[in-house]
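This report concerns only the one structure given below.
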Amino acid sequence: LARNGFSVLAVCSKKIDDKSLLQNKNIETLLKEVIFQVNLVGLFGLKDSTRSDVKDFIALTAPQYLVITILSPIAAHIVVTHSFPSTTIIPIIISLSFAALGFNTMNMVVDERIDSVNKPLRPIPSGKITRENATNIGVLLYVLAITLSFLVNETFALLVIGFIIIATIYNFPRINFRKKWWAVNTTGMLLYGAIPFLSINALTKQPVSIPLLLFFSLMFALISSSKD
């Protein structure tokens, strides 16, 4: 990632130093040429930035499952405060969404061998995205999640870090946690139930209701386990 970042700076510097370009073309044209040459999608190991690259990125991160991540904090806010959320909930939803996309991406990385047999058209087994670059994407999404979490408060940031730790334990091959019969429900309960619920408590400073926390967590554990 660092190497690619320096590549971006090099291209931008070259363009800015080109005085003839600055004289003859407007800023919009300059930006278009810089973006074209840098190829932002290519930074993560994809091919030319075409529609197929977007499809590969979507297939890798599985954003269709963000419905759960979006609905969970909203439902938690209604349960905790008995009112619909304001715009203050947006950083929570975005941060948890980045964390969930990172989790989905790391799932793809770990499932490479299984997918090569059962789902060979997925981006990693098909060779459209390398394992290394998929891991880079997952890490970047986690970093974005943590960074945005500080827009809420430190308590929420700790919850996001907890999300990432649980997701990492779930996917870590040596622990083999994900192959246990109770792992899927437990992980779903924590990531999509307990953490969003506690995130609303962190936002609103409301006291935590243990019965509501357990009910909410169990409900979203069932929903998340049936999402496939």
Side-chain angles (χ1 to χ4, degrees), residues 58-77 79-80 89 92-115 118-119 122-125 131 134-146 148-149 152 155-203 208-228:
I58 291 174
L60 179 70
T61 57
Q64 63 269 25
Y65 297 140
L66 289 183
V67 174
I68 301 174
T69 309
I70 295 170
L71 290 179
S72 184
I74 295 174
H77 192 282
V79 170
V80 171
I89 200 176
I92 287 179
I93 292 176
I94 295 177
S95 180
L96 290 177
S97 294
F98 276 128
L101 291 175
F103 179 42
N104 295 341
T105 301
M106 291 305 188
N107 273 334
M108 294 283 186
V109 173
V110 175
D111 285 342
E112 179 186 9
R113 291 183 180 179
I114 298 174
D115 288 343
N118 297 331
K119 299 178 181 179
R122 281 186 168 180
I124 298 178
R131 182 187 180 93
T135 302
N136 288 340
I137 293 174
V139 171
L140 177 62
L141 290 167
Y142 282 157
V143 171
L144 289 173
I146 295 173
L148 289 174
S149 68
V152 181
T155 302
F156 176 63
L158 290 174
L159 289 171
V160 172
I161 293 171
F163 184 112
I164 295 171
I165 291 173
I166 294 169
T168 302
I169 292 173
Y170 178 82
N171 281 323
F172 196 64
R174 293 184 181 180
I175 298 177
N176 213 22
F177 183 73
R178 59 187 295 166
K179 291 187 178 181
K180 301 184 185 300
W181 64 269
W182 44 268
V184 174
N185 287 336
T186 302
T187 303
M189 178 179 70
L190 295 173
L191 299 188
Y192 303 110
I195 289 179
F197 187 92
L198 294 173
S199 298
I200 299 303
N201 287 112
L203 174 67
V208 178
S209 170
I210 300 301
L212 283 178
L213 173 61
L214 292 175
F215 172 77
F216 193 84
S217 300
L218 290 173
M219 180 177 66
F220 274 88
L222 295 175
I223 294 174
S224 64
S225 65
S226 61
K227 64 183 175 64
D228 290 329

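Because the structure is predicted, anything quoted here is derived from the model rather than measured.
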Study note, to complete from the structure: ring-ring contact (aromatic ring centres under 6.0 Å, His included) with Phe197: of Phe216, Phe215, Phe220, only one passes, and it is Phe216

Exercise for review: Check whether any side-chain heavy atom of Asn201 lies under 4.5 Å from a side-chain heavy atom of Leu198, and answer yes or no.
Suggested key: yes

Check your understanding: So Ile200 and Ile89, side-chain contact (heavy atoms from CB on, under 4.5 Å) or not? Walk me through it.
Key -> CA-CA 8 Å; Ile200 299 303; Ile89 200 176; 3.8 Å; yes

Review point. Roughly how far, to the nearest 0.5 Å, is the CG atom of Leu190 from the CD1 atom of Ile165?
Key: 12.5 Å

Practice item. Mind listing the closest non-hydrogen atom pair of Leu203 and Val152 along with its distance? Key: CD1-CG1, 4.1 Å

Review point. Which pair of non-hydrogen atoms, one from Pro125 and one from Glu112, has the smallest distance, and what is that distance?
Key: CB-O, 4.3 Å

Review point. Relative to the ring of Phe103, is the ring of Tyr192 parallel (under 30°), tilted (30 to 60°) or perpendicular (over 60°)?
Key: tilted

Review point. Mind checking whether Val139 and Met106 have side chains closer than 4.5 Å, heavy atoms only?
Key: yes

Practice item. Enter the distance from Thr187:OG1 to Phe163:CZ here, rounded to the nearest 0.5 Å. Key: 10.0 Å

Study note, to complete from the structure: One should read off an interatomic distance between Leu71 CG and Ile93 CD1, to the nearest 0.5 angstrom, of 8.5 Å

Review point. Hey, mind stepping through Asp115 and Ile124 against side-chain contact (heavy atoms from CB on, under 4.5 Å) and telling me if it holds?
Key: CA-CA 8 Å; Asp115 288 343; Ile124 298 178; over 6 Å; no

Exercise for review: Locate the shortest heavy-atom distance separating Ala100 from Thr69; write the atom from each residue and the value.
Suggested key: CB-OG1, 3.6 Å

Exercise for review: With rounding to the nearest 0.5 Å, note down the distance linking CD1 in Ile195 to OG in Ser217.
Suggested key: 9.5 Å

**Study point:** Nearest heavy atoms of Pro196 and Ser72, plus distance in Å
**Key:** CB-OG, 3.2 Å

Check your understanding: Can you name the closest pair of heavy atoms from Thr105 and Ala134 and give their distance?
Key -> CG2-O, 3.2 Å

**Study point:** Side chains of Thr186 and Tyr170 in contact at under 4.5 Å (non-hydrogen atoms)
**Key:** no

Check your understanding: Which heavy atom in Ile92 sits nearest to a heavy atom in Pro73, and how many Å separate them?
Key -> CG2-CB, 4.3 Å

Check your understanding: Just how far is it from atom CG of Asn104 to atom CD1 of Ile137, taken to the nearest 0.5 Å?
Key -> 12.5 Å

Point to revise | Gap separating the CD1 atom of Ile166 from the CG atom of Asn171, nearest 0.5 angstrom | key: 12.5 Å

